[in-house]
Amino acid sequence: MKWLKTKEVRKRLIYTLFILLLFQLGTFIPLPYIQHYKQTDTNLLLNLLSGGTLYRFGILMLGISPYITSSIIVGLLQKAIPSWKRKSETTDGKTYLGQVQRVFTLFFALIQSYGILYSNIGKLLGLIIPSSTTQKIALMVLMSVGALFTSYLGERITENGVGNGASVLIGFGILSQIPLQIYNIIQLKPLYESTNTLNEYHNGIVILIGLFLGLFLFSWIVNKIEFKYPLQSLINDYKVKAHYFPIKLLASSVMPIIFATATLTLCNVLNNWYGFTIPVDYKTKVGLILYVSLIFIFSFIYNYTQVDGEELQEQFLQSGVYLLNLPQYKIKKFINRKLFIITLMSSPILVIFASLSIIIEKFIPEQFGLQLIGISLLILVGVLQEIIFQVKGLTDKNNYKEIFK
Amino acid sequence: MMIYVLIILGLWFALSIFIQKPKNESLGNAIGNTYKSKFERLLVLHTYFVFILLCIAIYLVK
């Protein structure tokens with residue numbers, strides 16, 4: 001329990017909890033002029049991505065999803081626009097790109113809120129929307145600044161708390177819905193009793209607990225797997241055992257799933273808004289193929305953004321380090337090839353988790369409302385491991401200081 | 001009347017976030033925790049202050 005004794009870790013954990021509390025309180029501030037007549041299905045992808053806030057119809061109902069969409073766009077544009085790529089390498093440039101990301105967040109929040117107010121998404125969510133244009137404009141402003149505030153809270157967690165703000169908010173949203181889901185399942189018991197299908201109910205619960213534990217363990221293990229490539233130093237000219245260049249199997253963690261989900265959500269808005277017919281329902285065959293392909297594409301994009309072979313080769317050259325039994329000029333090719341194979345291995349794992357919803361339906365009654373358990377658990381485990389990793393790092397960093405005292 | 005107050009407060013709130021420069025992780029780790037000017041703290045407090053004003057306005061409209 002060294003980490004508990006470390007002041008910085010304690011401070012950061014308390015700060016994160018404080019921001020999360022603020023976020024949860026914020027979701028209960030209701031939007032004016034708007035009413036809802038039915039409980040929205042919490043099993044919507046958009047709800048998962050917003051941080052579990054959508055169905056509360058509060059000022060923070062859009063949650064963190066516009067921020068995620070904007071981070072995809074800014075990330076991709078960095079690859080496409082050379083001046084942005086140069087900017088991403090300097091501190092000032094990063095600050096500039098951060099502001100650009102906020103502008104995009106506001107833009108996407110406006111699009112989403114417009115979609116909710118002017119299309120049938122609002123009706124799907126069970127909202128009674130006012131007809132007055134001024135009231136709609138006020139609602140759009142409120143929803144958008146709510147989304148901006150959520151992303152601001154996320155930024156504060158990244159800066160002063162533990163973990164990446166956006167994923168912590170999503171992870172906490174998933175965590176906060178678990179009690180509600182347990183309550184819902186308990187509430188279903190009389191229904192099964194009345195129809196004499198109590199056996200089915202009990203079986204469902206047993207399978208559910210097994211599945212939950214199994215998936216949790218599986219995603220924990222999968223998240224831990226990493227490939228290590230031994231490094232050799234030019235200066236010492238012998239292999240240093242402790243030195244490895246590691247590439248995680250899930251280098252991109254759950255980001256491809258989050259990105260694919262965000263893209264589908266955006267497509268859904270386009271469908272409802274412009275009358276497009278993009279097959280966004282992942283329960284249909286075409287929808288599933290689209291979803292799976294998006295996960296594959298984003299896995300490759302994200303992994304290659306995270307690990308840059310050319311940059312690594314340069315860094316290795318400068319620091320006089322090379323991979324064991326490999327000439328330095330071949331590092332780029334080697335890393336890129338390994339990354340390709342690793343991504344090819346990790347993408348199907350992500351796809352399995354994402355498509356569990358379809359398999360689950362056959363074993364667990366649909367009323368249990370757990371279609372998104374695969375993705376949710378993978379995100380949750382990813383976030384938990386990220387937090388644990390950072391807490392460990394901070395504890396070590398702070399305890400090293402004692403050596404120099 | 002109240003509706004315009006809401007819109008103006010909303011815009012003010014957005015502005016209060018934008019005038020704070022986002023900090024990147026590496027810089028945050030390097031100097032962000034040890035150095036923080038009073039003005040920066042004031043800007044953070046200002047954001048929460050406008051948020052509370054916004055909440056009060058929403059409560060009044062409701």
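These numbers come from a predicted model, not from an experiment. When reading the values below, keep in mind they use all heavy atoms of this one structure, side chains included, and skip hydrogens, waters and symmetry mates. Numbers restart at 1 for each chain; the letters A, B, ... are given by sequence-line order, proteins then strands.
Note that the CG atom of A:L21 and the CZ atom of A:F172 stand 7.5 Å from one another [nearest 0.5 Å]. Note that CZ of A:R10 is 11.0 Å distant from OG1 of A:T395, once rounded to the nearest 0.5 Å. Considering OH of A:Y114 and CG of A:L139, their distance stands at 14.0 Å, rounded to 0.5 Å. B:I7 contributes atom CD1, which lies 11.5 Å from atom CE of B:M2 (distance to the nearest 0.5 angstrom).
Within 6.0 Å of CZ on B:F18 lie more than 12 heavy atoms contributed by other residues, nucleotides or ligands. In this structure, B:Y48 places its OH atom where more than 12 heavy-atom neighbours from other residues, nucleotides or ligands lie under 6.0 Å away.
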- Item | A:Y15 vs A:R156, side chain to side chain donor-acceptor pair (under 3.5 Å): CA-CA, chis, key distance, verdict | CA-CA 9 Å; A:Y15 187 84; A:R156 303 221 73 79; 3.3 Å; yes
- Message: Apply side chain to side chain contact (heavy atoms under 4.5 Å, CB included) to residues A:L169 and A:Y67 and explain how you reach the verdict.
- Response: CA-CA 12 Å; A:L169 284 175; A:Y67 180 77; over 6 Å; no
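Residue A:I34 touches chain B through its backbone alone, counting heavy-atom pairs closer than 4.5 Å. A:V141 touches chain B through its side chain: at least one heavy atom from C-beta onward sits under 4.5 Å away, while N, CA, C and O do not. The part of A:L106 that comes within reach of chain B is its side chain, from C-beta onward, which places non-hydrogen atoms under 4.5 angstrom from that chain. In this structure, the portions of A:Q135 lying under 4.5 Å from any heavy atom of chain B include both its backbone and its side chain. Within the 4.5 angstrom heavy-atom criterion, only side-chain atoms of A:E155, from C-beta onward, approach chain B. Of the two parts of B:Y59, neither the backbone nor the side chain holds a non-hydrogen atom closer than 4.5 Å to a non-hydrogen atom of chain A. At a 4.5 Å heavy-atom cutoff, the contact between B:F13 and chain A is made by side-chain atoms alone. In this structure, no portion of B:L9 lies under 4.5 Å from any heavy atom of chain A. Heavy-atom distances place both the backbone and the side chain of A:L148 under 4.5 Å from chain B. No part of A:Y96 comes within reach of chain B, as not one of its non-hydrogen atoms sits under 4.5 angstrom from that chain. The part of A:L22 that comes within reach of chain B is its side chain, from C-beta onward, which places non-hydrogen atoms under 4.5 angstrom from that chain. Using a 4.5 Å cut-off between heavy atoms, B:T47 touches chain A through its side chain atoms alone.
In terms of heavy-atom pairs under 4.5 Å with chain A, the best-connected choice from B:I17, B:L54, B:V61 is B:I17.
Only one option out of A:I14, A:V162, A:V391 pairs with A:V9 in a side chain to side chain contact (heavy atoms under 4.5 Å, CB included); it is A:V391.
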